[in-house]
Amino acid sequence: MVKFGNYLETNQRPEWKPYYINYKALKDLIKLGAQEAATESVGQDGSPRETSLSVVRAFRKQDSAEERFFKRLEAEVSKVGAFTAELVSSLRNKMSVLQAEVAKVVDKSRDDPEAEKQRQALLEEAKKYADEFLALEKYVNLNYMGFHKILKKHDKNIPTAPCRQFYVAHLHNQPWVQGNYSDLMVQLSVLYSQVRGDQLAEAAGGSAQAFKRSTTKYWIKTDDVTAVKKIIIENMPVFVFNPENYTGDSQLVNSVYFDNESLELYHGRLDKKPGALAIRIRWYGPNEPKGKSVCFIERKTHRESWKGEKSVKERFTLPEERIVPYIEGEYTVEEYADGLRAKGKSEAEVEKASILFMEIQRTIEAKQLKPFVRTQYMRSAFQMGHDRTVSFTLDTNLIMLKENPEGHPTCSLSGRWYRDPKLPIHRTEITKFPHAVLEIKLALPDGEAPPEWVQNMMSSGLITEVHKMSKFIHGTAVLFPELVQAVPYWIDDESIRESIKQSGPDPNEISSSALDANAAERHSRKPRRRGLDPAATVNHPLLGEAPTLALMQGSGQDKEYMETPWWNPFYRHDGPRTSIPQRLEPKTFLASERTFLSWLHMAITLSSIAAALLAFASTAKKTTDPMHALSKNLVEFIALMLLPLGVFIVAYALMVFLWRNSQIALKQASYIDDRRGPLLLATLVVSALSAIFVVSCMDLYDQINSGQFTPSPAPPVPASPPAMEFMH
C-alpha cells in the first residue's frame, strides 16, 4: 500500500507545492511528541497525590513537541484556506472577463467564419477554466484527506492525548471545507450554452403529466462528481427549474414514499412485478412545506421492457394544506376538478388529472398506505430547457430517514403527512448514502443510439452502472431490516457497507422499537472503553461477516478478477465479486441440465462400446478361432482406453453441472460457459482414438511380418451354365 506522504507528493500540482499541507513536518512532530510522552512519567503512575504551594519544582519546558504540532497544524489549515480563497477569487475574475467576451460574439451570425473562430477560442478558454476548477477541487480534497490522516496518526501514536474528534469538527467549519463553489459550475454552464447557441425548449402545459423514457442509474464516487459535471456541462446546460430554490447548481429535494406494514409496494418494486407501484409526495427547496406551497403527488408504474412497454411516471400538484385531507379521503375529486376549472384548465386536462387524482387516492385507501420513508438530496439537473429527449439528474448528499419517529406518535396519529422536523433523529432512523447517484434519462425514438459523448462518459470509468438502483428500496431495506423479506443485490457492496453499519443497532441495545427516542439517545451516549472503535461495535442485520460485492472497483481490477489460471477453469479469486446480479429464469437451469445430459449421452455411448468390446474379448479367449486369437489383446486395449474416458467424462460433466448451477443461483453476470472443458475432452478423445489407431497399425504390421496374416482367397468364379441346344 502506498503511504500517504508518497501519494501526496505524486499527486500534487508542482506550481502549488508550497501551499499543500506539510505532511512530513507534522509527522516528525508526532514522532517527537510520542518520544516525549514515552519518557515522561510524571502525570501517570508517578504523579504525587498531594501538592504544596511553597515547594519549588523543577523547570519544565513549555515549547513541547505536542504544542509545536498544534501550532503547526493550525498554521497549515490557515495556509490552505488562504490559498483556496485566492484561487477561487482569481477563477471568478477570469470567468467574469470571459463572460464579457462571450457576450460580444453571442449575437453574431454563425455563418461568419471570423465569429465562429472566436467562438471556438472562447470554448477552449472555458474548458481551461473548467480544468482549473477540477484542479482546485483536487487540491482541497488532497489537503482535507491529509489533515484527517495526520490527526489519525497523532491519536495512534499519542493515545494519552487524543484530539482527532475535536479537531475534525473544527476542520469541518473551515470556509475552504464548507465553501459552496458550485455557482462557478452554473456560470460555466451558461458560457458553454451561449457559445454553442443552445435552443431551449419551452415548458409543456397540463395539470397532470406523464413521461415514458428509459432510465439508467450510476454511482459516482464523491471525488469524481465535479469531473462528471464538467463532462455534462460541456455538452448540456444546467437546468434551473426554480431559481429561487437553487443553491449554486442544485436544489434540495424531499420525497416521502408511502407503503404499508407488509411493505407491499417495496416488495413489488424489488421483484419488478408488472404494474408494481411507487407512490410519493415531493417538494423542492430548503423550506418546510406549508399552506399554499406546491407539492407533487407522483405515481410510478413498472412495465416489462421485454414486452415493448415502458415504465411510466405520472403526477399532479396539490397545495400542502390539501394533502392530509386528500390522504384521508376528505378532499374529493369533485372539489379538485372545480379548482382546476377555476384556474382555466380545459376539460380534457381536468378529466386526465381527475382520473389520476382518484386512482392514487383509492390505492392509498385500499392498501392502507401511510408515509414510510423519506429521501433527501441535492439535485442538479441537466437538459435543454424542457426538452426531455436526453436529460441527466445528479443527486448528492443523499440520505434516507424514517418518516415515523421511534417512540413518538406516527404521522397519521399526529395529523401530519411528513415527519415533525422538531423531533430528534436517532442513529437507527437515518442512513447516509456515500456516493452520488446519476440518472441518465433517454426518450429517444426506437433504434436511435444516445449521443457519442454520452456513450463515452458511460465507458469513462468515472461512473458505475447499478442496474435498477432505487433510493426508496435502499432506504427501506436499511432502515426496516426486521420487516423486509428480501433485499436488493447492492446492499452488501463493500463501498456502502460502512454507511449501512452506522444505522445498525448497538449489540448491547434492546430492540430499537422497544425504546423511545430520548432513551435510545441517552443509551447511545454511554461511555465506551478507551481504544475501542465505536464503528467496530456496530453491525447491521443485513450484513454478513464480509462484503460479497465490489461494484465501484476500477476496470483494471475487474479485468484481473476475471482472469483465471489455465489449469483450473473453476478458480475464483478471493474477495468481493464485481458482477451485477441478473434476473433468474427457470429456463437457465433447464439449459444447464440439457447440457449435462448431452455430456452423459456421449459418455454412455463410449462406455457402452468399451463394455461391449470387453465382453467380446472375454469370449475370444474361449475360442480357438485364429482370427479371434490374433485380435484379442487389441480389443482389450481399445476397451481399456475408452472405458476410463467415459467414466472421466461423467465425473467432469457432473462437476461442471454443479458449478454452473451454483453460479446461476448467485445471479452473477459472469461467464458460466466451460471454455476449457470441451477442448480438454476433445483432446483426450482424439488422443485415445489416435493411440488405438497407432496400436492397430502396429499389430497389423507385426502380423504381416510374422506370416500369420494371409489375405482371404478370392471367391471362385461360378461356372457358366451349359449352352442350351435348340431342337430343330
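One is the number of the first residue; the rest follow in order along the sequence. Only a predicted model underlies this, so the values are computations on that prediction, with no experimental measurement involved.
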Using every non-hydrogen atom in the two residues, find where [X] and [Y] come nearest and quote the distance to one decimal.
X      : Y      : result
Lys300 : Lys313 : CG-CG, 3.8 Å
Ile496 : Phe433 : CG2-CE1, 3.9 Å
Ala126 : Leu188 : O-CD2, 3.7 Å
Val390 : Gln383 : O-CB, 4.0 Å
Val484 : Pro481 : CG2-O, 3.6 Å
Ile473 : Pro488 : CG2-CG, 3.7 Å

Would you indicate whether the side-chain heavy atoms of [Y] and [X] approach each other to under 4.5 Å?
X      : Y      : result
Leu438 : Lys217 : no
Val225 : Thr396 : yes
Leu184 : Leu91  : yes
Phe392 : Glu439 : no
Met400 : Lys471 : yes
Leu277 : Arg299 : yes
Tyr266 : Val373 : no
Gln485 : His267 : yes

Before you tell me yes or no, could you show the steps for Val105 and Leu122 under side chain to side chain contact (heavy atoms under 4.5 Å, CB included), namely the whole-Å CA-CA distance, both residues' side-chain angles and the distance that decides it to 0.1 Å? CA-CA 10 Å; Val105 300; Leu122 293 173; 3.5 Å; yes
What about the rings of [X] and [Y], do their centers lie closer together than 6.0 Å?
X      : Y      : result
Trp176 : Tyr139 : no
Trp283 : Tyr418 : yes
Phe382 : Phe239 : no

Dump the intermediate steps for side chain to side chain contact (heavy atoms under 4.5 Å, CB included) on Met145 and Leu8, then the final yes or no. CA-CA 10 Å; Met145 187 188 305; Leu8 179 64; over 6 Å; no
Return the [atom1] to [atom2] distance between [X] and [Y], rounded to the nearest 0.5 Å.
X      : Y      : atom1 : atom2 : result
Ile355 : Glu314 : CD1   : CD    : 10.0 Å
Gln187 : Arg92  : CD    : CZ    : 8.0 Å
Arg269 : Asp259 : CZ    : CG    : 11.5 Å
Leu136 : Arg13  : CG    : CZ    : 9.5 Å
Gln502 : Ser499 : CD    : OG    : 8.0 Å
Glu132 : Ser90  : CD    : OG    : 7.0 Å

Polar side chain donor-acceptor pair, [X] to [Y], under 3.5 angstrom:
X      : Y      : answer
Ser495 : His435 : yes
Tyr144 : His172 : yes
Glu137 : Thr226 : yes

Mutual orientation of the aromatic rings belonging to Phe316 and Phe357 [parallel < 30°, tilted 30-60°, perpendicular > 60°]: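 Tilted: the ring planes of Phe316 and Phe357 meet at 30° to 60°.
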Could you walk me through whether Lys104 and Glu101 pass the salt bridge (charged side-chain N to carboxylate O under 4.0 Å, His left out) test, one step at a time? CA-CA 5 Å; Lys104 296 176 183 178; Glu101 294 178 359; over 6 Å; no
Check: Tyr257 side chain, Gly475 main-chain N or O, donor-acceptor pair, under 3.5 Å: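 Looks like no, no N/O pair under 3.5 Å.
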Any sub-3.5 Å donor-acceptor pair from Thr10's side-chain atoms to Asn6's backbone N or O?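 Flag set: sc Thr10 to bb Asn6 pair under 3.5 Å.
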Please determine whether side-chain hydrogen bond (donor to acceptor under 3.5 Å, both in side chains) holds for the pair His474 and Trp490, giving the CA-CA distance in whole Å, both sets of side-chain angles, and the decisive distance to 0.1 Å. CA-CA 9 Å; His474 181 84; Trp490 64 81; 3.1 Å; yes
Taking the cut-offs as 6.0 angstrom to the six-membered ring centre and 45 degrees off its axis, would you call [X] and [Y] a cation-pi pair?
X      : Y      : result
Arg282 : Phe296 : no
Lys402 : Phe372 : no
Lys230 : Phe133 : no

Look at Arg119 together with Glu116 and state whether they make a salt bridge at an N to O cut-off of under 4.0 Å.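 Glu116 and Arg119: salt-bridged.
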